[in-house]
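Notes follow once the structure below has been shown.
Start at 1 with the first residue, then count along the sequence. Here the structure is a predicted model, which is why all the values come from computation and not from measurement.
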Amino acid sequence: MGKASRTVALVGALLAGIAFAGVPATASAQGPAKVEWEACDDARTAQDPGPYSCAEYRVPIDHDNAALGTLDLALMRRAANKPDQKIGSLFLNPGGPGASGTTMAMSAEHYFEPAVLDRFDIIGFDPRGVGDSTPLRCFTTDEDAEEVQSRLVSVPTTRQQISDALSTYRDYGQFCERNAGPLLQHMSTRAVARDLDLLRQAVGDDTLNFAGFSYGTLLGATYANLYPDKVRTMVLDGNVDPSARTTDSLRHDRQRAEGFEHALNGFLTECGKAGKECAFGDGEPRRKFDELLESIRAEPVDLPDGSPVDLNAFVGGVGGALYSPTAFRGLAQDLQELYSVVKPPPGTEPKTVRAGDLDTLLNPEDDPRHDGLTDSEYTSDDAFFAVNCADKRFSHTLGDLPGIAGSWERDAPLFGRYQAFADPAACPQWKGGTDAYRGPWNAATENPVLVVGNYYDPATRYSFAQRMADELGYARLLSVDAFGHCSLGSASGVDRAVSDYLVNLTVPPRGKVYQPDSRPFEAPQ
């Protein structure tokens with residue numbers, strides 16, 4: 001992955017594209033056509049076809065105007081282990097927005113108890129514009145995408161970097177307007193929820209069972225309010241605040257930056273408590289981290305291979321590690337390595353640190369979609385901004401942005417500026433549609449929606465889960481005293497409660513706080 005591609009991955013702008021079918025969807029007076037499942041023509045299932053089947057399903061680009069044509073959605077199904085006892089289908093969405101959901105069906109055993117796998121077909125799908133579904137594509141070549149991306153840094157601090165960031169988003173929007181076609185105007189979460197309702201009917205379910213993660217919680221909340229009488233069960237893990245996200249997006253994104261900061265504070269506190277079990281725990285981790293940040297802000301750490309650990313790499317590496325507690329030990333080691341460079345003990349020479357010594361910070365897995373040959377066809381997709389900018393509402397001007405970034409940085413020193421130059425910089429220049437659902441959010445479903453909130457979730461802070469539960473018409477909050485983004489699969493008590501809810505409609509008790517299966521920096525058993 002090139003440097004510019006890694007930068008765009010850092011801010012979540014996974015640049016992508018669109019192709020669309022121009023024939024009407026097949027439907028009848030009795031409802032939408034049924035999904036036709038067949039063997040997966042997929043290398044991922046070639047060695048172990050197991051209980052999986054795949055399909056493409058055609059939906060309108062515009063649900064209110066069939067003349068615009070159709071697009072295809074990619075689906076994968078994991079058949080229920082006990083089909084004679086099947087309750088229905090359980091649809092999944094992994095978030096993003098823009099994350100591929102098809103292969104979630106292949107990893108369902110990591111999220112759900114055997115009772116769920118016995119009684120439900122698990123269905124993952126790529127939403128409109130994403131992955132193997134008809135993609136939203138703004139560029140025709142990787143070279144065009146790289147040229148636009150190359151000016152962008154995720155944490156711009158100088159006047160030139162700020163100007164380059166804003167011009168990059170301007171040019172990006174123009175490419176989308178020129179190349180993306182009619183789907184660009186129909187990428188809101190409302191449109192995805194309407195697709196989901198067609199899918200529910202097309203698999204033969206009278207009501208929906210759904211589990212959404214991160215941004216997927218907005219999809220769930222939107223569906224629950226568009227079709228409250230069509231919801232059987234819904235699990236929302238790692239929640240956004242739907243009202244703020246869609247009507248006061250600047251406040252939402254500022255609080256999101258503060259949520260990352262809260263998770264960082266929790267990490268440093270746990271590190272200090274862990275002592276020798278945390279490589280960064282000797283001394284005062286909070287003080288050491290602040291010193292390290294200020295040093296890197298003033299002057300990047302140059303590695304022997306000539307690459308710098310600058311503010312962009314540091315923010316991205318720390319933020320990414322906070323998503324998963326399994327990365328905490330590696331993050332602590334990397335922080336200590338860097339600290340030994342910028343603050344060597346008295347009487348010692350500064351330590352030489354190589355890129356290989358900083359795997360957690362500097363070596364995330366490459367996204368193969370960004371590796372292309374010369375003049376290669378662009379095969380990524382641009383759903384991230386297409387969805388976010390359709391759903392979010394900003395009223396500031398671009399001239400306000402430097403002041404906004406400075407203010408956020410004072411409240412969230414590591415993540416404030418980074419967050420300010422993501423959606424708040426891109427969306428005012430976006431050329432796509434804005435037909436979003438913005439509430440009300442209080443429609444009552446027959447059974448309560450299960451809202452799972454993690455105390456130290458960096459990307460979707462716990463207070464967002466509290467608000468989601470308050471805003472929905474009928475919900476139950478499950479609180480988890482844990483780190484990392486989302487909780488299913490890492491807290492057995494939550495998994496059991498979710499299983500009992502999905503299978504038996506049993507609602508967990510109010511006020512119970514669940515614990516994760518392991519704590520950061522626990523000594524090996």
Is there a donor-acceptor pair closer than 3.5 Å between any side-chain N or O of Arg200 and the backbone N or O of Asp206?
yes
Only counting residues at least two apart or in another chain, list the ones meeting salt bridge (charged side-chain N to carboxylate O under 4.0 Å, His left out) with Arg245.
none
Could you check whether any side-chain N or O of Asp126 sits under 3.5 Å from a backbone N or O of Thr102, counting only pairs where one atom can act as donor and the other as acceptor?
yes
Indicate the ring-plane relationship of Phe328 and Phe267, choosing parallel, tilted or perpendicular according to the 30° and 60° boundaries.
perpendicular
May I ask you to decide if Ser487's main-chain N or O and Ser490's side chain share a donor-acceptor pair within less than 3.5 Å?
yes
Parallel, tilted or perpendicular: rings of Tyr227 and Tyr223 (30°, 60°):
tilted
For Arg496 and Asp500, what are the C-alpha separation, side-chain angles and deciding distance, and is it a salt bridge (charged side-chain N to carboxylate O under 4.0 Å, His left out)?
CA-CA 6 Å; Arg496 288 190 294 269; Asp500 206 17; over 6 Å; no
In the structure I gave you, are the side-chain heavy atoms of Tyr323 and Ser214 within less than 4.5 Å of one another anywhere?
no
Show your reasoning for whether salt bridge (charged side-chain N to carboxylate O under 4.0 Å, His left out) applies to Arg232 and Asp205.
CA-CA 10 Å; Arg232 177 183 176 271; Asp205 286 0; over 6 Å; no
Evaluate the side-chain proximity of Phe260 to Val315: yes if any heavy-atom separation is below 4.5 Å, no if none is.
no
Test applied, side chain to side chain donor-acceptor pair (under 3.5 Å); reference residue, Arg251; option that passes from Asp253, Thr247, Asp248:
Asp248
Under 3.5 Å: donor-acceptor pair, side chain of Arg78, backbone of Ser53
no
Between Phe314 and Tyr418, is the ring centroid distance below 6.0 Å?
no
Could you check if a side-chain atom of Lys230 sits within less than 4.5 angstrom of a side-chain atom of Leu208, using non-hydrogen atoms only?
no
Treating Asn225 as the side-chain partner and Asn442 as the backbone partner, does any N or O pair qualify as donor plus acceptor under 3.5 Å?
yes
Mind jotting down which residue pairs meet the disulfide (SG to SG under 2.5 Å) criterion with at least one end in residues 471-505? Sequence neighbours excluded, please.
none
Sequence neighbours left out, what passes salt bridge (charged side-chain N to carboxylate O under 4.0 Å, His left out) with Glu409? Give chain and number order.
Arg297, Arg417
Is the closest side-chain donor-acceptor distance between Tyr462 and Ser479 under 3.5 Å?
yes
If I take atom CZ from residue Arg190 and atom OG1 from residue Thr434, how far apart are they, to the nearest 0.5 angstrom?
10.5 Å
Go through the steps to decide whether Val203 and Tyr57 satisfy the test side-chain contact (heavy atoms from CB on, under 4.5 Å), and finish with yes or no.
CA-CA 11 Å; Val203 299; Tyr57 192 78; over 6 Å; no
Side chains of Leu71 and Val59, heavy atoms from C-beta outward: is any pair under 4.5 Å?
yes
Do you know which of Leu218, Thr246, Leu219 makes side-chain contact (heavy atoms from CB on, under 4.5 Å) with Val240?
Leu218
I'd like to check the salt bridge (charged side-chain N to carboxylate O under 4.0 Å, His left out) partners of Glu258; sequence neighbours left out, ordered by chain and number.
Arg254, Arg461
Only residue of Thr222, Thr189, Asp64 satisfying side chain to side chain donor-acceptor pair (under 3.5 Å) with Arg194 is Asp64
Should Asn93 and Leu196 be marked as a side-chain contact (heavy atoms from CB on, under 4.5 Å) after you check the CA-CA gap, both sets of side-chain angles, and the distance that decides it?
CA-CA 10 Å; Asn93 181 275; Leu196 181 57; over 6 Å; no
Charged tip of Lys288 within 45° of Phe280 ring normal and under 6.0 Å:
yes
Under 30°, 30 to 60°, or over 60°: which ring-plane class applies to Trp430 and Phe385, parallel, tilted or perpendicular?
tilted
Taking Asp470 first and then Arg467, would you say they form a salt bridge - that is, a charged N and a carboxylate O separated by under 4.0 Å?
no
Is it the case that the ring center of Phe213 lies less than 6.0 angstrom away from the ring center of Tyr111?
yes
Backbone N/O of Arg393 and side chain of Ser249: donor-acceptor pair under 3.5 Å
yes
Pair Asp121-Trp37, side-chain contact (heavy atoms from CB on, under 4.5 Å): steps then yes or no
CA-CA 12 Å; Asp121 288 343; Trp37 298 103; over 6 Å; no
Is a donor from one side chain sitting under 3.5 angstrom from an acceptor on the other, for His63 and Asp195?
yes
Are Gln333 and Thr360 side-chain neighbours, meaning at least one heavy-atom pair lies under 4.5 Å?
no
Glu261 and Asn265 side chains, donor-acceptor separation under 3.5 Å
no
Do the non-hydrogen side-chain atoms of Arg286 and Leu264 ever get within less than 4.5 Å of each other?
yes
Evaluate the criterion side-chain contact (heavy atoms from CB on, under 4.5 Å) for residue pair Val452 and Tyr514; output intermediate values, then yes/no.
CA-CA 10 Å; Val452 183; Tyr514 293 81; over 6 Å; no
Looking only at the side chains, is there a donor atom on one of Arg128 and Ser133 sitting less than 3.5 Å from an acceptor on the other?
no
Got a sec, which residues hit side-chain contact (heavy atoms from CB on, under 4.5 Å) with Arg519, two or more places apart in sequence or on another chain?
Asp481, Phe483, Gln515, Pro516, Glu522
Less than 4.5 Å apart, side chain to side chain, heavy atoms only: is that true for Glu471 and Pro242?
yes
Identify, with sequence neighbours excluded, every residue that meets salt bridge (charged side-chain N to carboxylate O under 4.0 Å, His left out) alongside Asp495.
none
What's the separation between atom CZ in Arg438 and atom OG in Ser188, rounded to the nearest 0.5 Å?
8.5 Å
Should Glu109 and Leu117 count as side-chain neighbours, where that means a heavy-atom distance under 4.5 Å?
yes
